[in-house]
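What follows is one structure encoded as structure tokens, with my remarks underneath.
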2 protein chains.
Amino acid sequence: MVNQLQKNDASVQIFKALADPIRLAIIQYLNQLDHEVACGEVGRAMHISKTSGSYHFKILQEAGLISVNKVGREKNVRLDRSTFDHYLTHFWQNL
Amino acid sequence: MVNQLQKNDASVQIFKALADPIRLAIIQYLNQLDHEVACGEVGRAMHISKTSGSYHFKILQEAGLISVNKVGREKNVRLDRSTFDHYLTHFWQNL
DNA sequence: TTAATAGTTCAAAAAGCTTTGAACTATGTA
DNA sequence: TACATAGTTCAAAGCTTTTTGAACTATTAA
């Protein structure tokens, strides 16, 4: 049981990252674009403050749900689909 | 954006229900059994108090991740795989 | 060099989640 | 009837997550 709980740490982090309406809306926005885009542009589309955006992008990044590419002073993000595939679409295989 | 956030309410509830190590362990336990089993038996296997068990089963039930069948004084639960399939394995289709 | 823009960090406050034990309801058994 | 067992409810406490604005770093442009 203790081992099982520890093995679940990564899954818990993924599901926590997904368990928020703003972050889900960010994911939808990035999904329909399907190319990398600056954090600031996404934040403006969500009508959130830049501090709040910074907080949510950090959580998505630490969960491995987005990948990041710094270009000049902008931080471009895109979905990391392999993480979604591993924890969501292949959920039963990784349980 | 407001509409999108509201549309995401059900997904947020599912992901919150999954975003906890005890509930993930309960799901694993129910998955390997693949037949219904009393809450109390699951709770004992997890080494949690009955109050804590009651709390976690309520969250799983409200999210639609388990279905419940009361038999005598026992409450039997099993996974509702259609909910997992809808929100996890078919994640991109429902985004 | 100065000013502007993109994003981060910090601490405090607000909001939300989880655990706890005691008291409870409902059902089954002697 | 009396007792035991399965599970729920409640409020308080403790803990975690999210928002806020001010101050910060880094980069770009005039």
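Numbered from 1 within each chain, the chains take letters A, B, ... in sequence-line order. Bear in mind that the values here come from a model prediction, so they are computed numbers and not experimental data.
Atom NZ in A/Lys70 sits about 13 Å away from atom P in C/dA6, given to the nearest Å. The CE atom of B/Met46 sits 16 Å away from the P atom of C/dT18 (whole-angstrom rounding). Protein atom CD of A/Glu74 is 10 Å distant from nucleotide atom P of D/dA29, rounded to whole Å. Atom P of nucleotide C/dT18 and atom CG of B/Leu60 are separated by 11 Å, given to the nearest angstrom. The distance between atom NZ of B/Lys50 and atom P of D/dT9, rounded to the nearest whole Å, is 13 Å. Per the geometry, NZ belonging to A/Lys16 stands 13 Å off C1' belonging to D/dT18, to the nearest Å. Straight-line distance from the CD1 atom of B/Ile59 to the P atom of C/dG16: 14 Å, rounded to whole Å. Rounded to whole angstrom, the span from the CZ atom of B/Arg73 across to the P atom of D/dA6 amounts to 6 Å.
Among the atoms of the strands shown, only primed sugar atoms or phosphate atoms (P, OP1, OP2) are found under 4.0 Å from some heavy atom of A/Lys75. When heavy atoms are screened at a 4.0 angstrom cut-off, B/Arg44 is found touching no nucleic acid atom at all. Residue-level contact check: A/Lys58 touches neither bases nor backbone, having no heavy atom under 4.0 Å from any strand. Residue B/Ile48 is classed as having no contact, given no heavy-atom separation below 4.0 Å to the nucleic acid.
Both A/Tyr55 and A/Val71 sit near DNA chain D, but only A/Tyr55 has its closest nucleotide nearer the 5' end. For the pair A/Ala19 and B/Gln61, both in contact range of DNA chain D, the more 5′-proximal nearest nucleotide belongs to B/Gln61.
You'll find that the side chain of A/Ala38 is closest to C/dG7, out of D/dT8, D/dG7, C/dG7. Considering only the side chain of A/Asp20, D/dT18 comes nearest among C/dT18, C/dT20, D/dT18. Ranking C/dT19, D/dT9, D/dT17 by closeness to the B/Ile22 side chain, first place goes to C/dT19.
Residue A/Arg23 places at least one side-chain N or O under 4.0 Å from the OP1 or OP2 atom of D/dT18. The side chain of B/His56 places an N or O atom within less than 4.0 Å of a non-bridging phosphate oxygen (OP1 or OP2) of C/dT19. Checking the phosphate oxygens (OP1, OP2) of C/dT19, a side-chain nitrogen or oxygen of B/Ser52 falls inside 4.0 Å.
A donor-acceptor contact shorter than 3.5 Å is absent between the side chain of B/Asp20 and the backbone of A/Val12.
Contact check for B/Trp92 versus A/Asn31: side-chain heavy atoms found under the 4.5 Å cut-off.
With A/Tyr87 as the partner, the side-chain contact (heavy atoms from CB on, under 4.5 Å) test is satisfied by one option alone out of A/Thr83, A/Asp85, A/Thr89: A/Thr83.
Distance CG/A/Asn69 to CD/A/Glu36: 4.5 Å, rounded to 0.5 Å.
In this structure, B/Phe91 and B/Phe15 have perpendicular ring planes: the angle between them is above 60°, well past the 30° mark.
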